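Here is the structure we will look at.
In each ligand, atom 1 is the first atom listed, and ligand 1 is the first ligand listed. Computed from a prediction, not measured in an experiment: that's the story for all the values here.
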Amino acid sequence: MSSNSLTITDNRTHRTYTLPIENGTVSATDFRKMRAGEDDFGLMVYDPGFVNTASCKSSITFVDGERGILEFRGYPIDVLAERCTFLEVAYLLLFGELPDAAELKLWAYEITHHSMLHETTIKFMEGFRYDAHPMSVVVSTVATLSAVYPDAKDVEDPANRLLQIKRLIAKMPTITAWSYRNSVGFPYVYPDNDLSYTVNFMNMLWKMVEPKYAANPTLARALDVLFILHADHEQNCSTNVMRAVGSSQADPYLAVSAAAGALSGSLHGGANEQVLKMLNVIGSTDNVANYLQKVKEGKARLAGFGHRVYENGDPRAEIMKSIAEQAFQVTGRNPRFDIALELERAALEDKYFVERKLYPNVDFYSGIIYEAMGFKPELFTVLFAIPRCVGWLAQWDEMQRSAEQKIARPRQIYTGERKRSFIPLEERAPAGARKG
Ligand code: CMC
C-alpha cells in the first residue's frame with residue numbers, strides 16, 4: 001500500500017477503504033464506494049461555502065494563506081506590482097509567461113483596438129436611470145454583449161475564446177466609464193487609442209473640454225498597480241461563479257456578468273464601498289475604540305477585514321498602503337486614511353481580532369485611495385471588476401482546456417418532506433390554519 005494514501009474504516013460495515021492522496025487531496029468521488037448497504041447511495045462530503053474543497057486544478061495563481069504569499073504564474077505579487085504594467089500582468093495570467101517587447105506591443109494594440117462599444121449597446125446603457133448603481137449597469141451591459149457577439153457561443157474554439165477575451169478586457173473600462181458619465185449627465189468620451197489602458201480609462205471618465213486628456217503620471221501608475229493587485233485571486237466567490245456558469249458552456253459575456261454579480265456583494269468586492277461608509281460612520285480616530293466594541297458585540301462588521309484564505313495578513317494590503325502614500329503626495333492626504341490606520345492598529349492589538357485572525361484585506365485601503373483620486377464610492381467595486389475580469393477569463397479559458405472539468409453540479413443533503421399526499425385546492429386548509 002502506498003504511504004501516500006488514507007485508510008478509512010466505515011464503522012457501519014467495518015469495511016476498510018484506502019484512498020490515494022494526490023496533491024494533498026483525496027477524491028470526493030472515492031467516498032461514494034463507502035455504502036452502508038445495497039440501497040445506500042454512498043458517502044458524500046458536506047462543505048457549504050467550499051471551505052475545504054478543491055474544485056479544480058489550476059496553474060494560474062498561487063496563494064499560501066498561512067505565509068501571506070500571492071503569486072501569479074509563480075511571480076510574487078510585489079514584484080509584479082513594482083515592475084509591470086497591468087496589461088503585462090494580464091498577458092502573464094492568460095498565457096502563462098511574461099510577454100517580450102514585441103508580444104506586449106501587439107497585445108496592447110489588440111486590446112486598444114477592441115475598446116469601442118457597438119452603438120446599440122450605448123442605447124441600452126442610456127436606458128438606465130441616472131442613479132443606477134454602476135455595478136448593476138456593468139452586470140447588465142456585459143450580459144447584453146452576448147447578444148452583440150453571438151459568435152461567442154463557440155466556446156470550444158480556442159481562437160474564438162481569445163477573441164472574446166480581448167473584447168471583454170478592452171470593453172470593461174468603456175462600459176464602466178460610460179456608466180459613470182451617464183450617471184452625471186456628461187457626454188460619453190470615446191476611447192483614445194494613443195493612451196495606455198489605464199490612462200484611456202481615466203480619459204473616458206474625466207475628460208471635459210480639453211482637446212487631449214493628460215493624466216497625472218503618479219495617479220495613473222497608482223491605478224495601474226491597483227489593477228495589478230486585483231487581477232486574480234484563485235478560486236474566490238466570483239471566480240467560482242465564472243467557472244460554474246462557464247462549465248455549462250454559456251458564453252463568456254454571460255459568465256462574466258454572473259461573476260460580476262457575485263463580486264458586487266458586500267462580503268466580496270462590494271466591501272471596498274462598505275469600508276468608506278464605515279469610515280464615514282466612525283468619523284474620527286477618537287471613535288475607533290467604540291466602533292470596535294460594537295463589532296465585538298456583533299452589532300457591526302469590520303468591512304475590509306478578514307479573509308477566507310489569509311490567516312496572517314493579506315500581502316496586497318501592505319502594497320495598498322504604500323500606493324496610498326504615493327497617491328496622497330498628489331491628491332493630499334485623505335483624512336479617512338488616519339482613521340483606517342488607527343482602526344488597523346487598534347484591531348491588531350485586540351485579542352478578539354487577533355484570535356479570529358482578522359487583518360485588513362485588499363479592500364481596506366483601496367477605497368481610500370480611489371476616493372482621493374476622485375472616484376465616487378459607487379464606482380469602487382467596478383474598479384475591482386475591471387482587472388478581475390482578466391482573472392475570470394484566464395480561469396475560464398483554463399477550465400475550457402481541462403479534460404477533467406465537468407459541468408458544476410454539487411450534491412445536497414435533502415432535509416425536506418417526502419411522499420406527501422396531494423390535497424386538491426378546494427380541500428386545502430387556509431394558510432393561517434396550517435400548523436407550524
Ligand atoms: N468583522 C468582524 N468579525 C469578522 C469579520 C469582520 N470583517 N470577518 C470575520 N469575522 C469573524 C466572524 O464573525 C467569525 O467569528 P466567530 O468565530 O466568533 O463566529 C470569525 O471571524 C470567522 O469568520 P467567518 O465569517 O467564518 O469567515 P469566512 O472565511 O467565512 O469569511 C469574509 C470571510 C471575507 C467573508 C469575512 O471575513 C468578512 O465578512 N469580511 C468583511 C467583508 C470583506 O472585507 N470582504 C472582502 C474580502 S477580500 C476581497 C474579496 O474577496 O473581495
Side-chain angles (χ1 to χ4, degrees), residues 46-53 61 63 65-66 68-70 77 135 138-139 226-243 258-279 281-282 288-321 336 340 343-344 346-370 377 379-392 395:
Y46 179 55
D47 187 9
F50 305 123
V51 174
N52 196 37
T53 297
T61 293
V63 176
E66 250 174 67
I69 297 172
L70 170 60
I77 189 68
M135 267 313 266
V138 167
V139 166
L226 287 167
F227 279 3
I228 292 172
L229 297 181
H230 286 92
D232 192 45
H233 208 246
E234 53 117 301
Q235 306 313 312
N236 56 84
C237 176
S238 54
T239 302
N240 182 52
V241 168
M242 181 79 197
R243 282 184 177 259
L263 186 77
S264 72
S266 59
L267 298 187
H268 193 5
N272 53 15
E273 190 180 336
Q274 297 308 318
V275 172
L276 246 273
K277 287 188 182 155
M278 177 183 76
L279 295 176
V281 167
I282 296 173
V288 162
N290 277 346
Y291 193 82
L292 289 180
Q293 188 53 35
K294 268 174 61 182
V295 173
K296 291 196 278 187
E297 289 166 9
K299 293 181 187 149
R301 205 162 179 84
L302 213 46
F305 258 68
H307 199 277
R308 171 64 61 77
V309 180
Y310 292 120
E311 295 179 5
N312 292 306
D314 181 334
R316 299 167 298 178
E318 277 309 306
I319 305 173
M320 288 279 178
K321 264 201 262 182
R336 277 174 269 280
L343 197 64
E344 177 181 357
L348 298 188
E349 281 182 3
D350 190 312
K351 206 167 139 239
Y352 178 94
F353 299 97
V354 173
E355 273 175 0
R356 287 168 180 75
K357 302 183 172 179
L358 298 176
Y359 296 87
N361 59 47
V362 69
D363 289 324
F364 191 62
Y365 288 105
S366 61
I368 301 170
I369 308 171
Y370 290 143
L379 274 174
F380 294 174
T381 309
V382 268
L383 293 170
F384 192 154
I386 292 171
R388 182 55 57 87
C389 183
V390 169
W392 293 330
Q395 302 266 350

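- For atom 19 (O) of ligand 1, the nearest protein heavy atom is 4.0 Å or more away.
- Residues Thr381 and His268 fail the side-chain proximity criterion, which asks for heavy atoms closer than 4.5 Å.
- The minimum heavy-atom distance between His230 and Pro387, with the atom names listed, is CB-CG, 3.6 Å.
- At most 12 heavy atoms of other shown residues, nucleotides or ligands fall within 6.0 angstrom of atom NZ in Lys294.
- Interface of Ser266 with ligand 1, defined as ligand atoms under 4.0 Å from a residue heavy atom, comprises 42 (C).
- An N or O contact shorter than 3.5 Å is missing between Phe353 and ligand 1 by distance.
- By the definition of a contact as any protein heavy atom under 4.0 Å away, atom 27 (O) of ligand 1 is not in contact.
- The closest protein non-hydrogen atom to atom 41 (C) of ligand 1 is Phe305 O, 3.3 Å.
- Between Gly304 and ligand 1, at least one N/O pair is under 3.5 Å apart.
- Of all atoms in ligand 1, numbered sequentially from 1 with element shown, those under 4.0 Å from a heavy atom of Val295 are 2 (C).
- The shortest N or O to N or O distance between Leu302 and ligand 1 is under 3.5 Å.
- Proximity of atom 45 (N) of ligand 1 to the protein is indicated by at least one non-hydrogen atom lying closer than 4.0 angstrom.
- Polar contact with ligand 1: absent for Ala300 (N/O pair, distance under 3.5 Å).
- If you take CG on Asp350 and CD on Glu355, they are separated by 9.0 Å, rounding to the nearest 0.5 Å.
- Of the protein's non-hydrogen atoms, Asn361 ND2, 3.5 Å is the one closest to atom 47 (C) of ligand 1.
- With ligand atoms numbered from 1 in the order given, ligand 1 contributes 52 (O) to contacts under 4.0 Å with heavy atoms of Gly269.
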Subject >> Step-by-step side-chain contact (heavy atoms from CB on, under 4.5 Å) determination, Arg243 to Gln235 >> reply: CA-CA 9 Å; Arg243 282 184 177 259; Gln235 306 313 312; 3.2 Å; yes
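- Applying the 4.0 Å criterion to heavy atoms of Phe384 picks out, from ligand 1, the atoms 52 (O).
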Original post:
After noting the C-alpha distance and the side-chain angles of Tyr365 and Glu344, does the key distance pass the side-chain hydrogen bond (donor to acceptor under 3.5 Å, both in side chains) rule?
Top reply: CA-CA 10 Å; Tyr365 288 105; Glu344 177 181 357; 2.3 Å; yes
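- For ligand 1, the atoms lying closer than 4.0 Å to a non-hydrogen atom of Arg308 are 28 (P), 29 (O), 30 (O), 33 (C).
- Neither the backbone nor the side chain of Cys237 comes within 4.0 Å of ligand 1, counting heavy atoms alone.
- Close N/O approach between Arg301 and ligand 1 is found [any backbone or side-chain N/O within under 3.5 Å].
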**OP:** Applying side-chain hydrogen bond (donor to acceptor under 3.5 Å, both in side chains), run through Gln395 and Glu234 and close with a yes or a no.
**Re:** CA-CA 8 Å; Gln395 302 266 350; Glu234 53 117 301; over 6 Å; no
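- Between Arg336 and Ile368 the shortest heavy-atom distance is O-CD1, 4.0 Å.
- The distance from atom CD1 of Ile228 to atom CD1 of Ile319, rounded to the nearest 0.5 Å, is 9.5 Å.
- Of the candidates Arg356, Arg316, His233, the one placing a heavy atom closest to atom 15 (O) of ligand 1 is Arg356.
- For the pair Ala303 and ligand 1, the shortest N or O to N or O distance does not fall below 3.5 Å.
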**OP:** Before giving the answer on ring-ring contact (aromatic ring centres under 6.0 Å, His included), spell out for Tyr359 and Phe305 the whole-Å C-alpha distance, their side-chain angles and the decisive distance to 0.1 Å.
**Re:** CA-CA 5 Å; Tyr359 296 87; Phe305 258 68; 8.0 Å; no
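- Two rings, from His233 and Tyr310, have their centers less than 6.0 Å apart.
- Between His268 and ligand 1, at least one pair of N/O atoms sits closer than 3.5 Å.
- Counting heavy-atom neighbours within 6.0 Å of Glu66 CD, excluding the residue itself, gives a total of 12 or less.
- Under the 30°/60° scheme for interplanar angles, the aromatic rings of Phe380 and Tyr370 are found to be tilted.
- Ligand 1 has no N or O atom lying under 3.5 Å from any N or O atom of Tyr352, backbone or side chain.
- Taking a cut-off of under 4.0 Å to the non-hydrogen atoms of Val362, the atoms of ligand 1 that pass are 49 (C).
- Asp363 OD2, 3.3 Å is the protein heavy atom nearest to atom 49 (C) of ligand 1.
- Here His307 has heavy atoms under 4.0 Å from ligand 1 in both its backbone and its side chain.
- Within the 4.5 Å cutoff, the side chain of Ile282 has heavy atoms near those of the Val288 side chain.
- Contacts between Phe364 and ligand 1, counted as non-hydrogen atom pairs separated by less than 4.0 Å, are absent for every part of the residue.
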**OP:** Check the pair Arg301, Gln274 against side-chain hydrogen bond (donor to acceptor under 3.5 Å, both in side chains), reporting the backbone distance first and the verdict last.
**Re:** CA-CA 10 Å; Arg301 205 162 179 84; Gln274 297 308 318; over 6 Å; no
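- Ligand 1 places these atoms under 4.0 Å from at least one heavy atom of Ala271: 43 (C), 44 (O), 45 (N), 46 (C).
- Contact annotation for atom 22 (C) of ligand 1: protein absent (non-hydrogen atoms, distance under 4.0 Å).
- More than 12 heavy atoms of other residues, nucleotides or ligands lie within 6.0 Å of OH in Tyr352, so this atom counts as buried by the packing criterion.
- Scanning all protein heavy atoms for the shortest distance to atom 3 (N) of ligand 1 gives Leu358 CD1, 3.7 Å.
- Given atom 34 (C) of ligand 1, the protein heavy atom at minimum distance is Gly306 O, 3.7 Å.
- Residues satisfying the salt bridge (Lys or Arg N to Asp or Glu O under 4.0 Å) test with Arg316, not counting sequence neighbours, are Asp314.
- The nearest protein heavy atom to atom 32 (C) of ligand 1 is not closer than 4.0 Å.
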